[in-house]
Amino acid sequence: MTSLALKPALQPNQKLSPKSFNFEPHKSRLIHDLNVGRLSKAISTLDLMVHNGAHPDLPSYSLLLKSCIRSRNFELGKLVHAHLVNSKLDLDSLTLNSLISLYSKNGDWEKADSIFRSMGNKRNLVSWTSIVSCFANNDLGFEAIVAFLDMLENGFWPDEYCFAAVFRACLDTGDLSIGETIFGFVIKSGYFKADLCVGCSLIDMFAKGGGDLNSAYKVFDKMPEKNVVTWTLMITRFAQLGFAREAVDLFLDMVLSDLVPDQFTFSSVMSACAELELLSFGKQLHSQVIRRGLAFNHYVGCCLVDLYAKCAADGSMDESRKVFDHMTNHNVTSWTALITGYVRNGGRYHEAIKLFCEMISGHVRPNHFTFSSILKASASLSDLSTGKQVHSLAVKLGLASDNCVGNSLISMYAQSRQMEYSRKAFDNLFDKNLISYNTIVDAYVKSFESKEAFDLFHEIDDVEFGANAYTFSSLLSGAASIGAIGKGEQIHARTLKSGFDSNQCISNALVSMYSRCGNVEAAFQVFSEMVDRNIISWTSIITGFSKHGYAERALTMFYEMLESGIRPNEVTYTAVLSACSHAGLVSEGRKHFNTMYSKHGIVPRMEHYACMVDLLGRSGLLSKALEFINSMPFMADALIWRTFLGACRVHGNTELARHAASMILEQDPHNPAAFVLLANLHASMNQWEEVAKIRKRMKERDLTKEAGSSWIEVENKVYKFHVGDTSHPKASEIYNELDRLVLKIKELGYVPNTDFVLHDVEEEVKEQYLLQHSEKIAVAFGLINTTRSKPIRIFKNLRICGDCHTAIKYISMATGREIVVRDSNRFHHIRNGKCSCIDYW
DNA sequence: GTAGGGTTAG
């Protein structure tokens, strides 16, 4: 029979008479094919039946439609509709309702609406509910509410399905007041108690629509009957709205209530667990997932990848990779979860880029999250060429103006110091949000283009969202990094106006800004006025005093911090040890180094060892320092040897310096700092042949030392000078002032120290070289352009040169001005011929 | 025929 029936399908032109065509087996085969998802087979069977004049009856069509909807075979459903129209059957409510549902679920709300309109008095409660639901599911919340009100006017009393639909509609409009009115209505009607679904839609109306978890939880709590879906919904909303702790607690309550979590529940609770970085709890969840046979679910897998990645601080990044490798197939989400993990939590950028390439060659299309992560990886590696390739791929896929991708492009180009491209990415953004503004402001600030940063800052005032704490702290750190105290003060005023005066994050940024701009007293005042201080506040002020050479005040603050019950961290100890080192407090420093682990359980890191090497080395205990280096529990890195080399130079020990330099070059053969320090050392001993050899080696390896530059802020504008800079319009005026100053300070006893000149030339020429140092130019510029009432604040990217240090001390004497110099290492407060560093730096 | 929950994020 079956083989006979198949024949006509192969020969469509051959028509059998309706009588000879057996309708029943085809009908049952059609339904079977439908149920197992064989869409094309079902279509050909239907065609065959109709072709042979055997139209199914109305109940059969109805059944067909239901199957199509249940299996989401919308194409076949539409075909069935076409056949229905041809069959000229008089459609009943049931069939028409099915058609509304079909088109609604297929996203064609207009078609659904026209069927509903054509129904006339065939409309029943299900028809009304279907159309309300159709509008609500197709982002037409307002239309849905109107339909709901129409329904009431037409005398239909809503049931639980209908209430659930209208609450979803209220969620969509964002207008909860209508929803709340209807909610009152529901309570009166008694449906609330009866139905799980009404409860769920109410929870979501409050949680998703209004972000009001309190009301959502009240609904949840009062529901007399709850199932897995209800619990999961509540857990999910807690997790999504940033209440991870509550989500986890609710999950534990759920398990205690003997409900069995499913794949949805696990996905949500694992997200919350990832947020809280609860590795061991996460592992328990993982084993439960395996036990319940849910490990192969794609969503669950993604969540696990993300969970282990977010706990990567505890070394679980490889676990994340393992879960990923065990997954049977991968889509954008799982690839992105893993890539993001390598970038954000593991700092393993090369691996992330490699994965990205694998993903693309596997024809998986990256999305905006993928681009965002991979751009961050290229930025962190300062790998401009990869960044550009990724950019062009994003353009190709039409994602470059997406907010998330665009913001990452801004920071990628900024980190590669391509501000023009960075700005272009900003301008190309489709829709700029506060993060876009904050990113570009931060980028300008970090590239010393503070004017652009502040222009944009004013632009933020004109858009609907104002600056937030992030904007302010970014601008403050920008002002701090360039030492623009005037700008810093302006921002300080603005934060007060914007009501951020007790914001801990901003106060911390202010402490750091004032201190880094050279006014540690202002920093201390902000600190003193803070109501709520955290470890960052204390560490900032300790670092401030330390960098300014006030070792005792730094240590006093440290003891006060301990008394107030705040535990120090690694950064605090770096500040404490470097305070001791700047002031030459050898035994005090040793004491703190020894107690950091014994009293506070902090294992010393490389930078702490470096502080100790600095402390011992600078106070002349070179052999002790070397002994210390050799007794370290790990191999000394380039930083340690550079510190040691610096000490050797101060104390003129060529032999040990050579050893240190060779150690640096062993680990980092292209380190220009090692070459320069070595060259300086030989120059100061007049060993010019050695200097020449080193210069040659540097040239061969194409190494250039970072150019020395100094800058000064005058009337909110930063002026930057390089060595021998003549680019400033008033250059001749500046050099005249310098010549005048040198004559004056020579009278006071200044003798140029030509040891600091790295060229083998006549003494007189050497003096000329010294005069061209950027810090001297900046001081002269400052003397011409500032009033006596304020100190002159100079900033230098490298360490101050010894001759400049001496010269500036004499200049302070000759002019009666206070001069503050911030170099790459510390502050020098120079007044009346004396420096706060006591010539020890 | 009408109803509810999940992954990656600057």
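Excluded from the calculations below are hydrogen atoms, water molecules and symmetry mates; all remaining heavy atoms, backbone and side chain alike, are included. Reminder, nothing fancy here: chain letters follow the sequence lines and each chain counts from 1.
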Between [X] and [Y] (judged by ring centroids, cut-off 6.0 Å), do the two rings come close enough to count as a pair?
X: A/Trp335; Y: A/Phe324; result: yes
X: A/Phe185; Y: A/Trp157; result: yes
X: A/Phe457; Y: A/Phe472; result: yes

To the nearest angstrom, how far is [X] atom [atom1] from [N] atom [atom2]?
X: A/Glu275; N: B/dT8; atom1: CD; atom2: C1'; result: 12 Å
X: A/Phe156; N: B/dT2; atom1: CZ; atom2: P; result: 18 Å
X: A/Asp402; N: B/dT8; atom1: CG; atom2: C1'; result: 13 Å
X: A/Gln263; N: B/dG6; atom1: CD; atom2: C1'; result: 8 Å
X: A/Ile440; N: B/dG10; atom1: CD1; atom2: C1'; result: 14 Å
X: A/Met359; N: B/dT8; atom1: CE; atom2: C1'; result: 10 Å
X: A/Asp172; N: B/dA3; atom1: CG; atom2: P; result: 15 Å
X: A/His330; N: B/dT7; atom1: NE2; atom2: P; result: 18 Å

Is any N or O donor-acceptor pair between the side chain of [X] and the base of [N] shorter than 3.5 Å?
X: A/Thr333; N: B/dT8; value: no
X: A/Asn297; N: B/dG6; value: yes
X: A/Asn403; N: B/dG10; value: yes
X: A/Asp262; N: B/dG5; value: yes
X: A/Asp204; N: B/dG4; value: no

Would you indicate what [X] reaches in the nucleic acid, counting non-hydrogen atoms under 4.0 angstrom: base, sugar-phosphate, or nothing?
X: A/Val198; answer: nothing
X: A/Glu160; answer: nothing
X: A/Ser271; answer: sugar-phosphate
X: A/Ile235; answer: nothing
X: A/Lys105; answer: sugar-phosphate

Pairs touching residues 73-84 of chain A that satisfy salt bridge (Lys or Arg N to Asp or Glu O under 4.0 Å), sequence neighbours left out
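As it turns out, the salt bridge (Lys or Arg N to Asp or Glu O under 4.0 Å) pairs with a partner in residues 73-84 of chain A, which skip direct neighbours, are A/Glu75-A/Lys78.
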Quick test of your reading: applying salt bridge (Lys or Arg N to Asp or Glu O under 4.0 Å), list the pairs with at least one residue in residues 283-306 of chain A, sequence neighbours left out, ordered by first then second residue.
A/Asp306-A/Lys310
When you check the phosphate oxygens OP1 and OP2 of [N], does a side-chain N or O of [X] lie under 4.0 Å from one of them?
X: A/Ser372; N: B/dT8; result: no
X: A/Lys208; N: B/dG4; result: no
X: A/Ser201; N: B/dA3; result: no
X: A/Lys310; N: B/dA9; result: yes
X: A/Lys376; N: B/dA9; result: no
X: A/Thr340; N: B/dG10; result: no

Compare the minimum distances between each of [options] and the side chain of [X], then state the nucleotide with the smallest one.
X: A/Arg344; options: B/dT7, B/dG5, B/dG10; answer: B/dG10
X: A/Ser408; options: B/dT8, B/dG10, B/dA3; answer: B/dG10
X: A/Arg168; options: B/dG4, B/dT7, B/dG5; answer: B/dG4
X: A/Asp306; options: B/dT8, B/dG6, B/dT2; answer: B/dT8
X: A/Val300; options: B/dG5, B/dA9, B/dG6; answer: B/dG6
X: A/Thr236; options: B/dG5, B/dG4, B/dT2; answer: B/dG5
X: A/Phe369; options: B/dT2, B/dG10, B/dT8; answer: B/dT8
X: A/Arg237; options: B/dA9, B/dG5, B/dT7; answer: B/dG5
X: A/Gln240; options: B/dG6, B/dA3, B/dG10; answer: B/dG6

Residue-level proximity of residues 110-131 of chain A to DNA chain B when a heavy atom falls under 4.0 Å
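Heavy-atom cutoff 4.0 Å gives A/Asn124, A/Val126, A/Thr129, A/Ser130.
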For residues A/Thr471 and A/Asn438, is any side-chain donor paired with an opposing acceptor at under 3.5 Å?
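There is such a pair (donor and acceptor under 3.5 Å, judged by atom type) between the side chains of A/Thr471 and A/Asn438.
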Which pairs with one or both residues in residues 238-259 of chain A pass side chain to side chain donor-acceptor pair (under 3.5 Å), sequence neighbours excluded?
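Counting only pairs at least two positions apart or across chains, the side chain to side chain donor-acceptor pair (under 3.5 Å) contacts touching residues 238-259 of chain A are A/Arg237-A/Gln240.
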A/Asn106 side chain to A/Asp108 backbone, donor-acceptor under 3.5 Å
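Answer holds: no.
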Where at least one partner belongs to residues 93-122 of chain A, residue pairs that pass ring pair (Phe, Tyr, Trp, His ring centres under 6.0 Å), sequence neighbours excluded:
A/His81-A/Tyr103, A/Phe116-A/Trp128
What residues form a salt bridge (charged side-chain N to carboxylate O under 4.0 Å, His left out) with A/Asp195, not counting sequence neighbours?
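In terms of salt bridge (charged side-chain N to carboxylate O under 4.0 Å, His left out), with neighbours along the sequence ignored, A/Asp195 is linked to no residue.
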